[in-house]
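The structure under discussion appears below in the form of structure tokens.
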Amino acid sequence: MKPRILLLIAFLTLMSCKREQKISPTEAVSVSNLVQYKEENGDLHIKSGNFTYDFKQNQIPFKKIILLNASMAGYISELGAENLVIGVSSPEYIFSEKIQSLLKEGKIQNVGSEQKYDVEKIISLKPDAIFTNHIASFDNTYQLLKNNGIQVIFLDEYMEQKPLEKTAYIKLFGKLFGKDKEAETKYEEVEKNYNELKQLALKSKNRPTVLANEMYGDVWYLPGGKTSVANFISDANANYVLKGNNEEKAVTMSFEEVFAKSNDVQYWVNAGNHVSKKEMLSMNPFYSKLNVFNKGKIYVITGKEKAKANDFFESGVVRSDLVLKDYIKIFHPELLPDYQLTYMKELQ
């Protein structure tokens, strides 16, 4: 066989291999330990916690969705996909101006609340999918919706404790809405900002001690040492009072136990939604015994709050870079002299 023909056969073989590679399954994308997804022959396979979902090529991108959790509105807004939303529950908790505007125009319907969803209205709206956190006590409702051909997708982003993994849920929403590129671009932007801010925080030689959350009744619910709050505080180059703890959930303590740990505390963050230190004291007179109450600085998460809606729990879920920036501004104000807090506010 002539060399030129051999070369041609080799070239055609190589090209066919390349073409085959294009239609082979894409690698699985790991959002976090809880959520992964994979595209295979045009179909999309999703694993979210204990649940799995398979969507055919003709089922996505979704055109009509319902949100049963305000926190998921943050992802929708970051992708500019508000026009896909046809229903929300508890709209009073949604901060997004665009979603509120579409509610007023009647383009988005109120489908009830966690006390009672309006199942008939949800079914009549014929959504492509409903997004919600999984609440076991609502399993009968979920089953009723599924029996009516409605896809219910459970995403428990609130359980994610690594800030950038919570942000990464935007990739899955991008995949489901046909906005892959926008989602990837947004994630990369937040990731880059976050990592640069983390490096900036290390420039401060000062590493203050920090207390978080507050008391409800007789119990102080402190974020565990592996929670997102603890991770933010660490990434902002500060010492959290429970930094040696390994819990990914709240740790309950009495006031006396917290008092014993708080002598050196300079900053108290995520201290609820109080309007003043005086009001805080009227709720719990014990706070006056804490050094940080008298000599330190206290911050609440009401920087972007309107009535019952708080953007910290909405856009803040996606914009982990801005949350970290707030913490760095609080603990090391000299590193960000011109930055104004986004989600936090100092209590006077």
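In this text the structure is predicted, and so the values were computed from the model without any measurement.
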Subject >> Stepwise side chain to side chain donor-acceptor pair (under 3.5 Å) test for Tyr299 and Asp326 >> reply: CA-CA 10 Å; Tyr299 289 84; Asp326 272 11; over 6 Å; no
Original post:
What pair of heavy atoms forms the shortest contact from Lys171 to Tyr187, and how long is it?
Top reply: CE-CD2, 3.4 Å
Subject >> Whether Trp268 side chain and Asn213 backbone form a donor-acceptor pair below 3.5 Å >> reply: yes
Subject >> Carboxylate-amine/guanidinium contact Glu188 Lys192, below 4.0 Å >> reply: no
Original post:
Does any pair with a residue in residues 331-348 pass salt bridge (Lys or Arg N to Asp or Glu O under 4.0 Å), and if so which ones, sequence neighbours excluded?
Top reply: Lys297-Glu346
**OP:** Grab the two heavy atoms, one from Ser204 and one from His332, that are nearest each other, plus how far apart they are.
**Re:** OG-ND1, 2.9 Å
Subject >> Geometric cation-pi criterion, Lys179 with Phe173: 6.0 Å, 45° >> reply: no
Subject >> Partner residues of Leu202 under the side-chain contact (heavy atoms from CB on, under 4.5 Å) criterion, sequence neighbours left out >> reply: Gln199, Asn237
**OP:** Identify the heavy atoms of Leu347 and His274 that sit nearest to each other, and give their distance.
**Re:** CD1-O, 3.3 Å
**OP:** Over all heavy atoms of both residues, which pair between Tyr267 and Ile330 is shortest? Give the atoms and the distance, please.
**Re:** CE2-O, 3.3 Å
**OP:** Please round to the nearest 0.5 Å and tell me the distance separating atom CG of Leu103 and atom CD1 of Ile108.
**Re:** 5.0 Å
Original post:
Has the side chain of Lys64 got a donor or acceptor atom that lies under 3.5 Å from a matching backbone atom of Lys126?
Top reply: yes
**OP:** Working to the nearest 0.5 Å, report the span between CG of Leu172 and CG of Leu155.
**Re:** 6.0 Å
**OP:** Quick one: list whatever passes side-chain contact (heavy atoms from CB on, under 4.5 Å) with Gln36, sequence neighbours left out.
**Re:** Ser30, Lys47
**OP:** Mind listing the closest non-hydrogen atom pair of Tyr53 and Gln151 along with its distance?
**Re:** CD2-NE2, 3.4 Å
Subject >> Residue of the set Leu145, Ile122, Val88 for which side-chain contact (heavy atoms from CB on, under 4.5 Å) holds with Ile66 >> reply: Ile122
Original post:
How many angstroms lie between atom NZ of Lys56 and atom CG of Asp43, to the nearest 0.5 angstrom?
Top reply: 4.5 Å
Original post:
Is a side-chain N or O of Gln161 found less than 3.5 angstrom from the main chain of Met159, in a donor-acceptor match?
Top reply: yes
**OP:** With sequence neighbours excluded, tell me which residues meet side-chain contact (heavy atoms from CB on, under 4.5 Å) with Gln109.
**Re:** Lys121, Leu125
Subject >> Residues forming a side chain to side chain donor-acceptor pair (under 3.5 Å) with Asp311, sequence neighbours excluded >> reply: Lys304, Ser315
Subject >> Pair listing, ring pair (Phe, Tyr, Trp, His ring centres under 6.0 Å) test, anchored in residues 79-103, at least two apart >> reply: none
Subject >> Asn33 atom CG, over 12 foreign heavy atoms within 6.0 Å >> reply: no
**OP:** Would you please test Asn69 and Asn133 for side chain to side chain donor-acceptor pair (under 3.5 Å) and show each step?
**Re:** CA-CA 7 Å; Asn69 297 87; Asn133 300 148; 2.9 Å; yes
Original post:
Are Val275 and Met283 co-members of a hydrophobic cluster defined by side-chain heavy atoms under 4.5 Å apart?
Top reply: no
**OP:** Check the pair Ser113, Ser89 against side chain to side chain donor-acceptor pair (under 3.5 Å), reporting the backbone distance first and the verdict last.
**Re:** CA-CA 5 Å; Ser113 71; Ser89 73; over 6 Å; no
**OP:** Decide yes or no for Glu92 and Ser90: does some side-chain heavy atom of the first lie under 4.5 Å from some side-chain heavy atom of the second?
**Re:** yes
**OP:** Check the pair Glu257 / Lys261 against salt bridge (charged side-chain N to carboxylate O under 4.0 Å, His left out), numbers first and verdict last.
**Re:** CA-CA 7 Å; Glu257 286 174 298; Lys261 289 179 176 293; over 6 Å; no
**OP:** Would you give the length of the straight line joining atom CD1 of Ile153 to atom CE of Met72, rounded to the nearest 0.5 angstrom?
**Re:** 9.5 Å
Subject >> With sequence neighbours excluded, residues passing side chain to side chain donor-acceptor pair (under 3.5 Å) with Tyr287 >> reply: none
**OP:** Could you tell me whether the side chains of Ser71 and Glu157 share a donor-acceptor contact shorter than 3.5 Å?
**Re:** yes
Subject >> Val269 vs Ile233 side-chain heavy atoms within contact, under 4.5 Å >> reply: yes
Subject >> Tyr169: partners by ring pair (Phe, Tyr, Trp, His ring centres under 6.0 Å), with sequence neighbours left out >> reply: none
**OP:** Begin with the C-alpha distance, continue with both residues' side-chain angles, and end with the deciding distance and a verdict on side chain to side chain contact (heavy atoms under 4.5 Å, CB included) for Lys325 and Leu336.
**Re:** CA-CA 8 Å; Lys325 201 169 188 178; Leu336 294 165; 3.7 Å; yes
Original post:
After noting the C-alpha distance and the side-chain angles of Asn291 and Asn263, does the key distance pass the side chain to side chain donor-acceptor pair (under 3.5 Å) rule?
Top reply: CA-CA 6 Å; Asn291 269 348; Asn263 195 45; 3.0 Å; yes
Original post:
Does CZ belonging to Phe286 count more than 12 external heavy atoms closer than 6.0 Å?
Top reply: no
**OP:** Please report the shortest heavy-atom distance between Glu214 and Gly272, naming the atom on each side.
**Re:** OE2-CA, 3.4 Å
Subject >> ring pair (Phe, Tyr, Trp, His ring centres under 6.0 Å) involving Phe313 - partner list, sequence neighbours excluded >> reply: none
Original post:
Is the number of heavy atoms from other residues, nucleotides or ligands under 6.0 Å of Glu120 CD greater than 12?
Top reply: no
Subject >> For Lys107, side-chain contact (heavy atoms from CB on, under 4.5 Å) partners two or more places apart >> reply: Leu102, Glu105
Original post:
When you check the gap from the basic side-chain N to the acidic O, do Lys175 and Asp180 get nearer than 4.0 Å?
Top reply: yes
Original post:
Could Lys186 and Glu189 be called an ion pair, given the rule that one side-chain N must be under 4.0 Å from one carboxylate O?
Top reply: yes
Subject >> Phe62: partners by ring pair (Phe, Tyr, Trp, His ring centres under 6.0 Å), with sequence neighbours left out >> reply: Phe55
Original post:
Tell me the salt bridge (Lys or Arg N to Asp or Glu O under 4.0 Å) pairs involving residues 130-152, sequence neighbours left out?
Top reply: none
